[in-house]
Amino acid sequence: MRFDVLTLFPDIFQGYFTQSILNLAIQNGLVEINLWNIRDWAKGKHHSVDDRPFGGGPGMVIMPEPVFDAVEAVQALAPEPGLLIMLTPAGERLTQSVVRELAGHARLLLLCGRYEGFDERIRLGLRPRELSIGDFVCNGGEVPAMVVIDTVIRYVPGVLGDPASVTEESHSDPGRLEYPQYTRPREFRGMAVPEVLVSGDHQAVARWRQEQSILRSQPEPVTNSEASHCEKKGNDHEK
């Protein structure tokens with residue numbers, strides 16, 4: 001699977017690519033990641049990629065021309081133009097089901113913003129899929145891009161040592177959390193491993209894990225004070 005990351009700060013990714021599962025996937029030819037500096041497509045003496053927003057306001061906005069030129073040039077480097085993704089707090093929430101869908105693409109182009117974001121014409125003209133990793137704001141799209149890569153490569157055949165890891169982990173089914181895991185020692189600071197896990201009864205272990213997963217996945221119970229608050233809010237709305 002191929003990733004093309006378009007960013008103003010490609011060096012941020014260097015350490016990340018050399019670690020753990022991703023590094024092995026790259027070495028084994030299962031994943032290819034290319035970094036592109038948007039500034040390389042900027043015009044003028046200073047290679048400016050941003051300017052002040054029309055209408056005033058704080059910060060700087062990324063200009064459309066270098067982004068259009070960068071995206072179109074990178075898309076043309078392979079027969080498959082790939083799916084263009086813009087990392088933005090205004091985007092669709094990244095969920096496990098979205099991750100599975102993205103893993104079905106042979107190539108993803110990840111467009112990382114900075115400063116006060118992108119000129120709106122980038123969204124309108126390039127029509128990327130807009131993704132957010134949560135209801136918060138990062139300094140740029142680089143960390144969200146890493147999150148996309150980290151989650152998607154788990155579905156690339158051969159990346160994980162045990163393919164069952166993907167099917168049994170949290171959120172493999174929407175809203176379902178994984179069961180508790182234990183390893184040696186059998187007792188630590190007064191906390192013992194549940195007997196069923198060392199019983200050798202595989203059916204009993206499977207039942208226990210399913211029960212624990214269901215328990216973990218249940219929503220937190222509403223306290224009396226929370227219930228009273230909700231009831232009061234409901235009455236206020238009815239007035």
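- Between the side chain of Arg107 and the backbone N or O of Gln75 there is at least one donor-acceptor pair closer than 3.5 Å.
- Contact of the Leu111 side chain with the Phe118 side chain is registered, since non-hydrogen atoms from C-beta on lie closer than 4.5 Å.
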*Show your working on salt bridge (Lys or Arg N to Asp or Glu O under 4.0 Å) between Asp50 and Arg114 and close with a plain yes or no.*
CA-CA 9 Å; Asp50 60 327; Arg114 276 276 159 172; over 6 Å; no
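- Annotation: side chain of Gln181 is in contact with side chain of Arg209 (closest heavy-atom distance under 4.5 Å).
- No side-chain heavy atom of Val143 sits less than 4.5 Å from a side-chain heavy atom of Ile12.
- Looking at heavy atoms from C-beta onward, Pro144 lies out of side-chain contact with Ser132 at the 4.5 angstrom threshold.
- Electrostatic pairing of Glu80 and Arg2 does not count as a salt bridge here, judged by no charged N lying under 4.0 Å from a carboxylate O.
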*Candidate pair Arg127 and Met86, rule side chain to side chain contact (heavy atoms under 4.5 Å, CB included), full reasoning*: CA-CA 9 Å; Arg127 302 180 66 83; Met86 176 189 287; over 6 Å; no
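- Counting heavy atoms from C-beta on, the side chains of Phe3 and Asn34 never come closer than 4.5 Å.
- Residues Tyr182 and Ala192 approach most closely at CE2-O, 4.4 Å, considering heavy atoms.
- Here the CD atom belonging to Glu72 is positioned 10.5 Å from the CG atom belonging to Leu84, to the nearest 0.5 angstrom.
- Within the 3.5 Å criterion, the main-chain N or O of Ile62 finds no donor-acceptor partner in the side chain of Tyr115.
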*Check the pair Ile153, Leu160 against side chain to side chain contact (heavy atoms under 4.5 Å, CB included), reporting the backbone distance first and the verdict last.*
CA-CA 9 Å; Ile153 64 167; Leu160 296 183; over 6 Å; no
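- Residues Pro53 and Gly59 approach most closely at CD-O, 3.3 Å, considering heavy atoms.
- Counting non-hydrogen atoms of other residues, nucleotides and ligands closer than 6.0 Å to CD of Gln203 gives a total of 12 or fewer.
- The same ILVMFWY cluster, assembled from side-chain heavy atoms under 4.5 Å apart, contains both Leu83 and Val71.
- In this structure, Glu187 CD and Met191 CE are separated by 9.5 Å, a value rounded to the nearest 0.5 Å.
- Partner of Phe13 under the ring pair (Phe, Tyr, Trp, His ring centres under 6.0 Å) criterion, chosen from Phe9, Tyr16, Phe17: Phe17.
- Within the 4.5 Å cutoff, no side-chain heavy atoms of Asp119 are placed close to those of Met63.
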*Under the side chain to side chain contact (heavy atoms under 4.5 Å, CB included) rule, what do Met60 and Arg52 come out as? Steps first, then yes or no, please.*
CA-CA 5 Å; Met60 305 289 278; Arg52 297 187 181 280; 3.8 Å; yes
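- Smallest separation of non-hydrogen atoms from Pro64 and Arg121: CG-NH2, 4.1 Å.
- One N or O on the side chain of Ser217 and one on the backbone of Leu177 form a donor-acceptor pair closer than 3.5 Å.
- With hydrogens and angles disregarded, no donor-acceptor distance shorter than 3.5 Å links the side chain of Asn28 to the backbone of Leu30.
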*Residues Glu178, Arg216; criterion salt bridge (Lys or Arg N to Asp or Glu O under 4.0 Å); working and verdict*: CA-CA 8 Å; Glu178 190 178 14; Arg216 277 192 164 188; over 6 Å; no
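- A donor-acceptor pair is defined here as one N or O able to donate and one able to accept, closer than 3.5 Å; no such pair exists between the side chain of Ser20 and the backbone of Leu22.
- Put simply, the side chain of Ser213 never gets that close to the backbone of Gln210: no donor and acceptor are under 3.5 Å apart.
- Not a single donor-acceptor pair under 3.5 Å links the side chain of Thr151 to the backbone N or O of Val99.
- Between Val196 and Ser199, the shortest heavy-atom contact is O-OG, 2.7 Å.
- Annotation for Asp150: atom CG counts as buried by contact number, over 12 foreign heavy atoms lying within 6.0 Å.
- Between Val137 and Pro89 the shortest heavy-atom distance is CG2-CG, 4.3 Å.
- Taken together through direct or relayed side-chain contacts under 4.5 Å among Ile, Leu, Val, Met, Phe, Trp and Tyr, Val61 and Trp41 form parts of separate hydrophobic clusters.
- Both Leu87 and Phe136 sit in one connected hydrophobic cluster of ILVMFWY residues. Membership requires side-chain heavy atoms under 4.5 Å apart, directly or through other members.
- To the nearest 0.5 Å, atom CD1 of residue Ile21 and atom CD1 of residue Ile26 are 12.0 Å apart.
- The CG atom of Leu126 sits 4.0 Å away from atom CZ of Phe68, with the distance rounded to the nearest 0.5 Å.
- Connection of Leu77 to Ile38 is established within a shared hydrophobic cluster, with ILVMFWY side chains joined at heavy-atom distances below 4.5 Å, either directly or through further cluster members.
- A donor-acceptor pair under 3.5 Å is formed between the side chain of Thr88 and the backbone N or O of Ala90.
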*Please lay out, stage by stage, how Met1 and Glu32 fare under the test side chain to side chain contact (heavy atoms under 4.5 Å, CB included).*
CA-CA 6 Å; Met1 183 171 190; Glu32 176 186 352; over 6 Å; no
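- Side chains of Leu109 and Ile85 form no contact here, defined as non-hydrogen atoms less than 4.5 Å apart.
- To the nearest 0.5 Å, atoms CZ (Arg129) and CG (Leu110) are separated by 12.5 Å.
- Interatomic distance, CG of Asn139 versus SG of Cys112, reported as 13.0 Å (0.5 Å rounding).
- Following chains of ILVMFWY side-chain contacts shorter than 4.5 Å, one can reach Met146 starting from Trp36, so the two form part of one hydrophobic cluster.
- Closest approach of Pro10 and Leu35 over heavy atoms only: O-CD1, 3.5 Å.
- Put simply, the side chain of Val159 does not reach to within 4.5 Å of the side chain of Arg154, judged on heavy atoms.
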